[in-house]
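Comments concern the structure below.
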Amino acid sequence: MDSTEREFEQLVRMHKATIYTVCYMFSKDQDEVADLYQECLINLWRSWPNFEHRSDVRTWIYRICLNVCVSLERKKRRRNKTIPLTMDINPYEEDNQNSRQMEMLRQRINQLPPIDRAIVLLWLENMSYDEIGAIVGISAKNVSVRLVRIREQLKRMK
C-alpha cells in the first residue's frame, strides 16, 4: 500500500461518521445508505489526488458527499416509482418519547428539498454559517435566512 492509499484510509477512518451521517440524512433504507456511503467513498477517492488543502478536509468531505447524495436524489426522482417491500417493522418504534420525537424530526427533514436538507444537516453538526455556506455554495447570510425559513417550514409540517 503506497502513502496515498494509507493517507486516504486514515482519512476515511477519521471521518466515517460524517460520511455516514450525510448518507443517512438522504435515505431511510439501510441498503440505500450503504450504497450512498460506497458512492461517496468512490468519489472521495477519485477527488483525493486533486484536493489542494485550501479548505478544511471536513468541508471538502461534506461537499463531495452532499453532491453525491443530492445527485442520486435527483436521479431517483426521474426514475419510475417502485413499491418497496416491507416487513412491517419500524426500527424507531420505541416507548421512549425522545426516540419518537427524533424520528418525527427526521421524517420532516426528509420532506425538505435536498439543499435545505443539507443545510439542516450541517447546522445540526454545529457548523458555522460560514462553513455551511462554503460547503453548499452560498453566503453565510443566505444560510442564516434559509435556516429561518426552514425552521418555519418544519414547524408547519404535519
Side-chain angles (χ1 to χ4, degrees), residues 6-77 90-94 96-158:
R6 278 193 297 275
E7 286 176 13
F8 184 75
E9 185 178 343
Q10 183 179 6
L11 174 87
V12 170
R13 277 196 188 119
M14 288 175 53
H15 297 281
K16 67 182 174 185
T18 298
I19 300 166
Y20 183 80
T21 301
V22 172
C23 296
Y24 183 75
M25 288 300 291
F26 281 84
S27 180
K28 295 172 257 186
D29 179 342
Q30 192 61 36
D31 290 334
E32 192 173 61
V33 170
D35 291 344
L36 286 170
Y37 188 88
Q38 185 174 10
E39 193 66 31
C40 286
L41 291 180
I42 291 168
N43 280 274
L44 287 166
W45 173 250
R46 287 180 183 155
S47 302
W48 182 241
N50 299 324
F51 179 56
E52 298 174 351
H53 299 281
R54 286 188 288 177
S55 65
D56 183 55
V57 169
R58 191 167 168 225
T59 301
W60 174 77
I61 288 171
Y62 269 114
R63 183 166 214 135
I64 288 179
C65 292
L66 286 170
N67 284 340
V68 166
C69 292
V70 168
S71 294
L72 290 177
E73 178 89 11
R74 286 181 186 141
K75 286 178 188 175
K76 254 195 324 191
R77 276 193 237 140
N90 184 354
Y92 302 101
E93 202 172 294
E94 290 188 24
N96 183 337
Q97 181 67 21
N98 286 337
S99 295
R100 285 194 299 262
Q101 287 178 341
M102 290 299 292
E103 175 55 16
M104 188 172 69
L105 177 60
R106 190 182 75 75
Q107 288 174 354
R108 287 180 179 186
I109 290 171
N110 278 334
Q111 293 176 38
L112 295 171
I115 297 300
D116 289 349
R117 205 178 320 161
I119 290 170
V120 169
L121 166 69
L122 297 170
W123 180 75
L124 289 172
E125 290 286 319
N126 295 319
M127 294 191 127
S128 71
Y129 290 0
D130 288 327
E131 289 175 305
I132 295 170
I135 292 167
V136 179
I138 60 177
S139 70
K141 179 67 176 165
N142 198 332
V143 169
S144 173
V145 169
R146 286 183 82 151
L147 277 170
V148 169
R149 290 179 183 162
I150 291 167
R151 284 186 204 114
E152 289 303 315
Q153 188 177 357
L154 288 171
K155 285 179 190 176
R156 288 190 307 269
M157 287 182 185
K158 301 238 179 209

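What you are looking at is a predicted structure, and each value in this text was computed from that prediction instead of being measured.
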Q) Any side-chain donor-acceptor pair under 3.5 Å between Gln107 and Glu103? A)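 Short answer, yes.
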Validation row: [X], [Y] side chains within 4.5 angstrom (heavy atoms):
X	Y	result
Gln153	Gln111	no
Tyr20	Met25	no
Val22	Cys69	yes
Leu112	Leu154	yes
Ile61	Leu11	yes
Cys40	Cys23	yes
Val70	Phe26	yes
Asp29	Ser27	yes

(Q) Under 6.0 Å from the ring centre and within 45 degrees of the ring axis: does the NZ or CZ of Arg54 meet both conditions for the six-membered ring of Trp60? (A) no
Straight-line distance of [X] [atom1] to [Y] [atom2], nearest 0.5 Å:
X	Y	atom1	atom2	answer
Glu73	Glu32	CD	CD	8.0 Å
Tyr37	Gln30	OH	CD	12.0 Å
Trp45	Glu9	CH2	CD	10.0 Å
Gln38	Asn43	CD	CG	11.0 Å
Leu105	Leu124	CG	CG	7.0 Å
Thr21	Lys16	OG1	NZ	12.0 Å

Q | Residues, nucleotides or ligands: over 12 heavy atoms within 6.0 Å of Glu125 CD | A | yes
Q.
Would you say that more than 12 heavy atoms from the other residues, nucleotides or ligands in this model lie under 6.0 Å from the CH2 of Trp48, or not?
A. yes
Q | Heavy-atom pair with the smallest gap, counting every atom of Arg46 and Asn50 | A |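 Minimum heavy-atom contact is O-ND2, 4.3 Å.
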Q: Report yes or no: does Thr59 contribute a side-chain atom to a donor-acceptor pair with the main-chain N or O of Ser55 at less than 3.5 Å?
A: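 No: the side chain of Thr59 does not pair with the backbone of Ser55.
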Q.
Applying side-chain contact (heavy atoms from CB on, under 4.5 Å) to Leu121 and Leu66, what does each step give before you reach the verdict?
A. CA-CA 10 Å; Leu121 166 69; Leu66 286 170; 4.2 Å; yes
List the atom pairs, donor and acceptor, that lie under 3.5 Å between side-chain atoms in residues 131-149 and the rest of the protein, sequence neighbours left out.
unit_1	atom_1	unit_2	atom_2	d
Glu131	OE1	Ser128	N	2.9
Glu131	OE1	Ser128	OG	3.4
Ser139	OG	Asn142	N	3.0
Arg146	NE	Asp116	OD1	3.4
Arg146	NH2	Asp116	OD1	2.8

Q) Does the pair Phe51 and Leu44 meet the rule for a side-chain contact (heavy atoms from CB on, under 4.5 Å), with working shown? A) CA-CA 9 Å; Phe51 179 56; Leu44 287 166; over 6 Å; no
